[in-house]
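The next block holds one structure in the form of C-alpha coordinates; read it before the comments.
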Amino acid sequence: MASVKHVAIIMDGNGRYAQKLGKERTFGHYEGVKNVRDIAIHASEKGVECLTVYAFSTENWKRPAKEVSYLMSLPRIFFSSYLKQLMEKNIRVTMIGRMDNIPEEARTYFERAIAETAGNTGMILNFAMNYGSRDEIVEAARRYAEDFRDGKAGELDEALFSKYLMTAELPDVDLLIRTSGEQRISNFLLYQIAYAELVFSPLNWPEFDDAEFDRCLDEFYKRNRRFGGLNEE
Ligand code: IPE
Ligand code: IPE
Ligand code: MG
(Lines give C-alpha, C1' and ligand atoms only; values in the text may rest on other atoms or scores of the structure.)
(Ligands and ions follow the chains in the order given, each with its own letter.)
Protein backbone atom coordinates (compact mmCIF):
# COMPACT_ATOMS: atom_id res chain seq x y z
CA MET A 1 0.00 0.00 0.00
CA ALA A 2 1.30 3.45 -0.86
CA SER A 3 2.30 5.35 2.24
CA VAL A 4 1.34 8.89 3.00
CA LYS A 5 4.21 10.79 4.53
CA HIS A 6 3.37 14.34 3.62
CA VAL A 7 -0.17 15.73 3.44
CA ALA A 8 -0.69 19.34 2.36
CA ILE A 9 -3.97 21.17 2.83
CA ILE A 10 -5.28 24.31 1.15
CA MET A 11 -7.63 25.40 3.91
CA ASP A 12 -10.26 27.24 1.90
CA GLY A 13 -13.83 28.41 2.49
CA ASN A 14 -13.61 30.18 5.85
CA GLY A 15 -15.34 33.27 4.46
CA ARG A 16 -18.12 31.32 2.80
CA TYR A 17 -18.68 29.30 5.97
CA ALA A 18 -19.20 32.50 7.95
CA GLN A 19 -21.40 34.06 5.29
CA LYS A 20 -23.61 30.97 5.26
CA LEU A 21 -24.21 31.52 8.98
CA GLY A 22 -24.82 35.24 8.51
CA LYS A 23 -21.59 36.16 10.31
CA GLU A 24 -18.50 38.21 9.54
CA ARG A 25 -15.71 36.57 7.56
CA THR A 26 -13.46 36.81 10.61
CA PHE A 27 -15.72 34.36 12.42
CA GLY A 28 -14.90 31.80 9.74
CA HIS A 29 -11.18 32.39 10.22
CA TYR A 30 -11.54 31.98 13.97
CA GLU A 31 -13.36 28.67 13.53
CA GLY A 32 -10.76 27.64 10.95
CA VAL A 33 -7.96 28.14 13.43
CA LYS A 34 -9.57 25.79 15.92
CA ASN A 35 -9.83 23.23 13.17
CA VAL A 36 -6.10 23.36 12.47
CA ARG A 37 -5.53 22.02 15.97
CA ASP A 38 -8.13 19.25 15.56
CA ILE A 39 -6.94 18.07 12.17
CA ALA A 40 -3.26 18.28 13.14
CA ILE A 41 -3.84 16.04 16.15
CA HIS A 42 -5.94 13.65 14.10
CA ALA A 43 -3.36 13.48 11.29
CA SER A 44 -0.58 12.79 13.77
CA GLU A 45 -2.64 9.96 15.28
CA LYS A 46 -3.09 8.56 11.76
CA GLY A 47 0.69 8.34 11.34
CA VAL A 48 1.15 11.26 8.94
CA GLU A 49 4.78 12.41 9.19
CA CYS A 50 4.28 15.93 7.94
CA LEU A 51 1.19 18.11 7.56
CA THR A 52 1.60 21.39 5.69
CA VAL A 53 -1.28 23.85 5.99
CA TYR A 54 -1.70 26.90 3.78
CA ALA A 55 -2.48 29.71 6.21
CA PHE A 56 -1.74 32.88 4.22
CA SER A 57 -0.60 33.31 0.63
CA THR A 58 1.64 36.02 -0.81
CA GLU A 59 -1.48 37.08 -2.75
CA ASN A 60 -3.70 37.37 0.34
CA TRP A 61 -2.28 40.87 1.02
CA LYS A 62 -4.77 41.99 -1.65
CA ARG A 63 -7.63 41.52 0.83
CA PRO A 64 -9.09 44.44 2.80
CA ALA A 65 -6.71 45.72 5.49
CA LYS A 66 -9.13 44.78 8.26
CA GLU A 67 -9.21 41.14 7.16
CA VAL A 68 -5.43 40.98 6.67
CA SER A 69 -4.90 42.36 10.12
CA TYR A 70 -7.26 39.76 11.61
CA LEU A 71 -5.47 36.97 9.75
CA MET A 72 -2.18 38.22 11.18
CA SER A 73 -3.58 37.93 14.70
CA LEU A 74 -4.30 34.23 14.22
CA PRO A 75 -0.81 32.96 15.12
CA ARG A 76 -1.30 34.53 18.56
CA ILE A 77 -4.77 33.00 18.91
CA PHE A 78 -3.56 29.62 17.72
CA PHE A 79 -0.33 29.26 19.66
CA SER A 80 -1.51 30.87 22.89
CA SER A 81 -4.41 28.41 23.01
CA TYR A 82 -2.92 25.25 21.56
CA LEU A 83 0.86 25.16 21.85
CA LYS A 84 0.60 23.13 25.04
CA GLN A 85 -1.55 20.50 23.33
CA LEU A 86 0.87 20.29 20.41
CA MET A 87 3.70 19.71 22.90
CA GLU A 88 1.71 16.94 24.59
CA LYS A 89 1.25 15.28 21.20
CA ASN A 90 4.99 15.56 20.46
CA ILE A 91 4.21 17.68 17.35
CA ARG A 92 7.00 19.84 15.91
CA VAL A 93 6.05 23.20 14.42
CA THR A 94 7.86 24.54 11.36
CA MET A 95 6.99 27.17 8.78
CA ILE A 96 7.63 28.11 5.18
CA GLY A 97 7.07 31.55 3.70
CA ARG A 98 8.50 35.01 4.07
CA MET A 99 8.78 36.06 7.67
CA ASP A 100 10.36 39.45 6.89
CA ASN A 101 7.17 41.38 6.15
CA ILE A 102 4.68 39.91 8.56
CA PRO A 103 3.89 41.83 11.75
CA GLU A 104 6.29 41.32 14.61
CA GLU A 105 3.70 39.79 16.92
CA ALA A 106 2.84 37.01 14.46
CA ARG A 107 6.52 36.39 13.80
CA THR A 108 7.29 36.16 17.50
CA TYR A 109 4.54 33.58 18.07
CA PHE A 110 5.86 31.47 15.21
CA GLU A 111 9.46 31.73 16.34
CA ARG A 112 8.55 30.78 19.89
CA ALA A 113 6.48 27.78 18.78
CA ILE A 114 9.25 26.61 16.44
CA ALA A 115 11.87 26.90 19.19
CA GLU A 116 9.74 25.29 21.89
CA THR A 117 8.77 22.29 19.77
CA ALA A 118 12.17 21.86 18.08
CA GLY A 119 13.00 18.77 20.14
CA ASN A 120 9.69 17.00 19.43
CA THR A 121 9.97 13.85 17.38
CA GLY A 122 6.37 13.30 16.24
CA MET A 123 4.53 14.81 13.28
CA ILE A 124 5.77 18.02 11.72
CA LEU A 125 3.05 20.67 11.53
CA ASN A 126 4.36 23.00 8.85
CA PHE A 127 2.63 26.36 8.37
CA ALA A 128 2.75 28.03 4.97
CA MET A 129 2.54 31.62 6.12
CA ASN A 130 3.01 34.50 3.69
CA TYR A 131 3.95 31.72 1.30
CA GLY A 132 3.84 31.72 -2.50
CA SER A 133 5.36 28.97 -4.58
CA ARG A 134 6.53 31.23 -7.41
CA ASP A 135 8.18 33.51 -4.88
CA GLU A 136 9.86 30.44 -3.34
CA ILE A 137 11.13 29.14 -6.69
CA VAL A 138 12.47 32.52 -7.81
CA GLU A 139 14.18 32.99 -4.45
CA ALA A 140 15.71 29.50 -4.67
CA ALA A 141 17.04 30.24 -8.16
CA ARG A 142 18.47 33.56 -6.96
CA ARG A 143 20.23 31.97 -3.98
CA TYR A 144 21.61 29.11 -6.06
CA ALA A 145 22.96 31.58 -8.65
CA GLU A 146 24.75 33.48 -5.88
CA ASP A 147 26.23 30.30 -4.40
CA PHE A 148 27.35 29.13 -7.84
CA ARG A 149 28.93 32.51 -8.57
CA ASP A 150 30.77 32.37 -5.24
CA GLY A 151 31.98 28.83 -5.86
CA LYS A 152 29.85 27.44 -3.01
CA ALA A 153 27.61 25.21 -5.17
CA GLY A 154 28.25 22.79 -8.01
CA GLU A 155 26.19 22.00 -11.14
CA LEU A 156 22.47 22.18 -10.58
CA ASP A 157 20.25 19.10 -10.59
CA GLU A 158 16.82 18.35 -9.12
CA ALA A 159 18.18 17.09 -5.81
CA LEU A 160 20.35 20.17 -5.34
CA PHE A 161 17.58 22.57 -6.38
CA SER A 162 15.21 21.00 -3.81
CA LYS A 163 17.69 21.97 -1.11
CA TYR A 164 17.19 25.64 -2.00
CA LEU A 165 13.42 25.42 -1.56
CA MET A 166 11.79 26.30 1.75
CA THR A 167 10.73 22.65 2.04
CA ALA A 168 14.36 21.42 1.85
CA GLU A 169 13.96 19.23 4.93
CA LEU A 170 10.57 17.79 3.99
CA PRO A 171 9.56 14.86 1.78
CA ASP A 172 7.61 15.52 -1.44
CA VAL A 173 3.87 15.94 -1.00
CA ASP A 174 1.95 12.66 -1.33
CA LEU A 175 -1.57 13.98 -0.87
CA LEU A 176 -2.86 17.48 -1.52
CA ILE A 177 -6.31 18.31 -0.19
CA ARG A 178 -8.24 21.48 -1.01
CA THR A 179 -11.43 22.22 0.83
CA SER A 180 -14.51 24.25 -0.15
CA GLY A 181 -15.00 22.70 -3.58
CA GLU A 182 -12.49 24.92 -5.39
CA GLN A 183 -10.28 22.96 -7.75
CA ARG A 184 -7.10 24.98 -8.19
CA ILE A 185 -3.65 25.20 -6.66
CA SER A 186 -3.42 28.97 -5.98
CA ASN A 187 0.39 29.13 -5.92
CA PHE A 188 0.88 26.36 -3.35
CA LEU A 189 3.90 24.00 -3.45
CA LEU A 190 4.02 23.90 -7.26
CA TYR A 191 7.37 22.09 -7.37
CA GLN A 192 6.65 19.72 -4.50
CA ILE A 193 3.29 18.40 -5.75
CA ALA A 194 4.68 17.04 -9.03
CA TYR A 195 3.35 13.55 -8.26
CA ALA A 196 0.94 14.27 -5.43
CA GLU A 197 -2.57 12.87 -5.53
CA LEU A 198 -5.12 15.68 -5.49
CA VAL A 199 -8.31 15.33 -3.47
CA PHE A 200 -10.97 18.03 -3.38
CA SER A 201 -13.41 18.18 -0.50
CA PRO A 202 -16.72 20.03 -0.87
CA LEU A 203 -16.67 21.06 2.80
CA ASN A 204 -15.54 24.50 3.92
CA TRP A 205 -12.42 24.37 6.08
CA PRO A 206 -14.20 24.92 9.44
CA GLU A 207 -16.53 22.01 8.56
CA PHE A 208 -13.73 19.69 7.49
CA ASP A 209 -13.58 17.13 10.30
CA ASP A 210 -11.74 13.93 11.19
CA ALA A 211 -14.19 11.81 9.20
CA GLU A 212 -13.66 13.92 6.09
CA PHE A 213 -9.89 13.72 6.55
CA ASP A 214 -10.23 9.93 6.71
CA ARG A 215 -12.34 9.97 3.56
CA CYS A 216 -9.56 11.88 1.78
CA LEU A 217 -7.00 9.34 3.02
CA ASP A 218 -9.19 6.48 1.79
CA GLU A 219 -9.41 8.16 -1.58
CA PHE A 220 -5.60 8.46 -1.62
CA TYR A 221 -5.14 4.77 -0.83
CA LYS A 222 -7.47 3.84 -3.70
CA ARG A 223 -5.34 5.73 -6.21
CA ASN A 224 -2.73 4.01 -8.30
CA ARG A 225 0.47 6.06 -8.19
CA ARG A 226 2.75 5.30 -11.08
CA PHE A 227 5.31 8.14 -11.03
CA GLY A 228 5.58 7.87 -14.79
CA GLY A 229 6.26 4.13 -14.71
CA LEU A 230 3.96 1.15 -15.16
CA ASN A 231 1.73 -0.65 -12.68
CA GLU A 232 3.64 -2.95 -10.43
CA GLU A 233 0.79 -5.31 -9.63
C1 IPE B 1 -9.30 30.44 3.55
O2 IPE B 1 -10.59 30.91 3.51
C3 IPE B 1 -8.40 31.24 4.47
C4 IPE B 1 -7.45 32.11 3.77
C5 IPE B 1 -7.26 32.18 2.50
C6 IPE B 1 -6.62 32.96 4.60
P7 IPE B 1 -11.06 32.13 2.61
O8 IPE B 1 -10.90 33.39 3.41
O9 IPE B 1 -10.33 32.12 1.31
O10 IPE B 1 -12.58 31.81 2.42
P11 IPE B 1 -13.45 32.02 1.11
O12 IPE B 1 -12.75 31.34 -0.02
O13 IPE B 1 -13.58 33.49 0.90
O14 IPE B 1 -14.76 31.36 1.45
C1 IPE C 1 -5.60 29.94 -1.06
O2 IPE C 1 -6.90 30.36 -0.87
C3 IPE C 1 -4.71 30.45 0.03
C4 IPE C 1 -4.95 29.93 1.37
C5 IPE C 1 -5.77 28.97 1.70
C6 IPE C 1 -4.16 30.53 2.41
P7 IPE C 1 -7.49 31.69 -1.58
O8 IPE C 1 -8.92 31.74 -1.19
O9 IPE C 1 -6.66 32.84 -1.26
O10 IPE C 1 -7.31 31.33 -3.12
P11 IPE C 1 -8.09 31.83 -4.41
O12 IPE C 1 -7.98 33.33 -4.42
O13 IPE C 1 -9.51 31.40 -4.27
O14 IPE C 1 -7.40 31.17 -5.56
MG1 MG D 1 -10.73 31.31 -0.50
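One-based numbering along the sequence shown. Order of appearance sets the numbers: ligands from 1, and atoms from 1 within every ligand.
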Matching residue for Glu197 among Arg226, Arg223, Lys222 - test: salt bridge (Lys or Arg N to Asp or Glu O under 4.0 Å) | Arg223
Give a yes/no verdict on whether any heavy atom in Glu182 is under 4.0 Å from an atom of ligand 1.
-> no
Heavy-atom gap Ser180 to ligand 1 smaller than 4.0 Å | no
Does Tyr17, backbone or side chain, put an N or O under 3.5 Å from an N or O of ligand 1?
-> no
Examine Gly15 against ligand 1 and note whether any of their N/O atoms are separated by less than 3.5 Å.
-> yes
Between [Y] and [X], do the side chains contain a donor N or O and an acceptor N or O under 3.5 Å apart?
X      : Y      : answer
Glu207 : Tyr17  : no
Tyr191 : Asp172 : no
Asp209 : His42  : no

Counting each atom of ligand 2 from 1 as listed, which ones have a heavy atom of Arg184 under 4.0 Å away?
-> 11 (P), 13 (O), 14 (O)
For Ala55, atoms of ligand 2 separated by under 4.0 Å from a heavy atom | 6 (C)
Parallel under 30°, tilted from 30 to 60°, perpendicular over 60°: which one fits the rings of Tyr82 and Phe78?
-> perpendicular
Is there a donor-acceptor pair under 3.5 Å between the side chain of Arg178 and the backbone N or O of Met11?
-> no
Using the test side-chain hydrogen bond (donor to acceptor under 3.5 Å, both in side chains), find all partners of Lys34 that sit at least two apart in sequence or belong to another chain.
-> Glu31
If you measure from each non-hydrogen atom of Phe56 to ligand 2, which part falls under 4.0 Å: side chain, backbone, both or neither?
-> backbone
Arg178, portion touching ligand 2 at heavy-atom distance under 4.0 Å = side chain
Which residue owns the protein heavy atom closest to [atom], what's the atom, and how far is it?
atom                    : value
atom 5 (C) of ligand 2  : Met11 O, 3.4 Å
atom 14 (O) of ligand 2 : Ser186 OG, 2.6 Å
atom 4 (C) of ligand 1  : Arg63 NH1, 4.0 Å
atom 2 (O) of ligand 1  : Asn14 N, 3.2 Å

So, for Leu156 and Tyr144, which heavy atoms are closest and what is the spacing to 0.1 Å?
-> N-OH, 3.3 Å
Looking at atom 12 (O) of ligand 2, is any protein heavy atom nearer than 4.0 Å to it?
-> no
Got a salt bridge between Arg98 and Glu136, using NZ or NE/NH1/NH2 to carboxylate O under 4.0 Å?
-> no
Identify every side-chain donor-acceptor pair in residues 106-116 under 3.5 Å, counting partners at least two apart or on other chains, and give the distances.
| from | atom 1 | to | atom 2 | distance (Å) |
| --- | --- | --- | --- | --- |
| Arg107 | NH1 | Ile102 | O | 3.3 |
| Thr108 | OG1 | Glu104 | O | 2.7 |

hydrophobic_cluster_shared for Trp61 and Phe127, side chain cutoff 4.5 Å = yes
Please check if Leu176 and Leu51 belong to a single hydrophobic cluster, counting links between Ile, Leu, Val, Met, Phe, Trp and Tyr side chain heavy atoms closer than 4.5 Å.
-> no
Which protein N, O or S atoms does the Mg ion (ligand 3) have within a distance shorter than 2.8 Å?
-> Asp12 OD1
Applying side chain to side chain contact (heavy atoms under 4.5 Å, CB included) to Ser180 and not counting sequence neighbours gives Asp12, Arg16, Glu182, Asn204
Contact atoms of ligand 1, heavy-atom distance to Asn60 under 4.0 Å | 5 (C)
Any idea which atoms of ligand 1 are less than 4.0 Å away from a heavy-atom of His29?
-> 3 (C), 8 (O)
